[in-house]
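Structure first, then comments.
In the text below, chain A, chain B and the rest are named by the order of the sequence lines, each starting its count at 1.
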Protein chains: 2
Amino acid sequence: MTDSMAFSIGDLAREFDITTRTIRHYEDIGLLKPQRSGQTRIYSPEDRTRLRLILRGKRLGFSLEESRAIVDLYDPSHGNVEQLQTLTEHIQQQREKVTRQLRDINKMIKSLDEAEAACRKALKKARKNAPKSGGKKSGKK
Amino acid sequence: MTDSMAFSIGDLAREFDITTRTIRHYEDIGLLKPQRSGQTRIYSPEDRTRLRLILRGKRLGFSLEESRAIVDLYDPSHGNVEQLQTLTEHIQQQREKVTRQLRDINKMIKSLDEAEAACRKALKKARKNAPKSGGKKSGKK
DNA sequence: GATTACCTTTACGTAAACGTAAAGTATCTA
DNA sequence: TAGATACTTTACGTTTACGTAAAGGTAATC
């Protein structure tokens, strides 16, 4: 039960709703390095996790290069102290970026709330002025 | 004091730390429509707000087309009821996307926390094993 | 044994979001 | 009056992140 679970490229494409081309592209630029069985790519659970992180980064608007920095945080190929120190700096940078995103998102949610309220108000007013066939279920609710 | 405040393209570029080319590009695709004084563009506070919203969307990884949808929420050119209804749908969509981003961000912050902790731990261990010149300020803290 | 469903590589194409250069206009200012 | 600075347009170039053939290998199934 050590390395029992493996995935094909199609498995991952289906699971994450992306194309195989996308997955191969990530390999082209060195974000993924699956094993091979002959020609065919074999993805481990770790590869799957890396892919998940990449796609999360994408949803957050990170470039693939930025995602690389994040994914590499979880890579056990960081040994010496200097690397660890630059690593903490990287983490700090990512944290700052993400924190700013959090602020932006909260602002945007607030904006959406306001926009929705204004919209509802306008709709209410419109229905009141011209309830040509819409006055049916017009309980106060 | 109605429309007293106006900005040049350079003003806005400096304020938001972008190039004038970027601002003109947003106009090319119809995201901004500043007034003109002869050839020269004159930006109102409303234009400035639109630009701010666009850039916020960018930081959140929105495409300019997506940002257009958001910016248009605040545009007073939405009059009739059907438009208002599709508008609420748009708002709902944006809210869902942003909500998912919020989840992603929280996950990522958590991940960063863990990565940082693991990193500190590794550094501590490294200093303990080889304190060649680093044992100086090594109070428990 | 032919079809179907996977997988592979190589390679040119493309949309988005600007960058960058060229060439010209208008306004200060030394 | 000659820069220097800031504005303008036109237009080709570039990067990122894949899309989309083309051409083929392998393996199960009808």
Margin query: Less than 4.0 angstrom between a side-chain N/O of A:Y26 and OP1 or OP2 of D:dC18, yes or no?
Written below: yes
Checklist line | Between C:dT10 (C1') and A:Q39 (CD): distance, integer Å | finding: 12 Å
Next item on the list: Start with the C-alpha gap between B:M108 and A:R56, add the side-chain angles, then the distance that decides, and say whether side-chain contact (heavy atoms from CB on, under 4.5 Å) holds.
Entry: CA-CA 8 Å; B:M108 187 166 284; A:R56 177 195 292 169; 3.8 Å; yes
Next item on the list: Count the heavy atoms of every other residue, nucleotide or ligand shown that sit under 6.0 Å from CG of B:D28, and state whether that count exceeds 12.
Entry: yes
Check: Is it true that A:E27 and A:R36 have a side-chain N and a carboxylate O under 4.0 angstrom from each other?
Finding: yes
Check: Atom CD1 of A:I18 and atom P of D:dA17: how far apart are they, to the nearest Å?
Finding: 14 Å
Next item on the list: Mark yes when over 12 heavy atoms from residues, nucleotides or ligands other than A:N129 sit less than 6.0 Å from its CG; otherwise mark no.
Entry: yes
Check: Which nucleotide in the set D:dA17, D:dT8, C:dT9 lies at the smallest distance from any side-chain heavy atom of B:R41?
Finding: D:dT8
Next item on the list: Look at the side chain of B:T19 and decide which nucleotide, out of C:dA17, C:dG19, D:dA17, has an atom nearest to it.
Entry: C:dG19
Note to self: Distance check needed: D:dC18 P versus A:L31 CG, whole Å only.
What the structure shows: 10 Å
Next item on the list: Would you kindly give the CG-to-P distance between B:D11 and D:dC7, to the nearest whole Å?
Entry: 7 Å
Notebook entry, point to check: Once you round it to whole Å, what is the distance between P of D:dC7 and CZ of B:R36?
Noted result: 13 Å
Notebook entry, point to check: Between D:dA17 atom P and A:I23 atom CD1, what is the distance in whole Å?
Noted result: 16 Å
Next item on the list: Whole angstrom is fine here: how far is it from CD1 in B:I9 over to C1' in C:dA26?
Entry: 16 Å
Next item on the list: Indicate yes or no: at least one non-hydrogen side-chain atom of A:L51 is less than 4.5 angstrom from one of A:L55.
Entry: yes
Notebook entry, point to check: Taking N and O atoms by type only, does the side chain of B:R21 place a donor or acceptor under 3.5 Å from a partner on the base of C:dT20?
Noted result: yes
Notebook entry, point to check: Base, sugar-phosphate alone, or nothing: which one does B:T20 contact when heavy atoms must sit under 4.0 Å apart?
Noted result: nothing
Notebook entry, point to check: Once you round it to whole Å, what is the distance between P of D:dG19 and NE2 of A:H25?
Noted result: 9 Å
Check: Taking the side chain of B:S8 as its heavy atoms from C-beta onward, which of D:dC7, C:dC18, D:dA17 lies nearest to it?
Finding: D:dC7
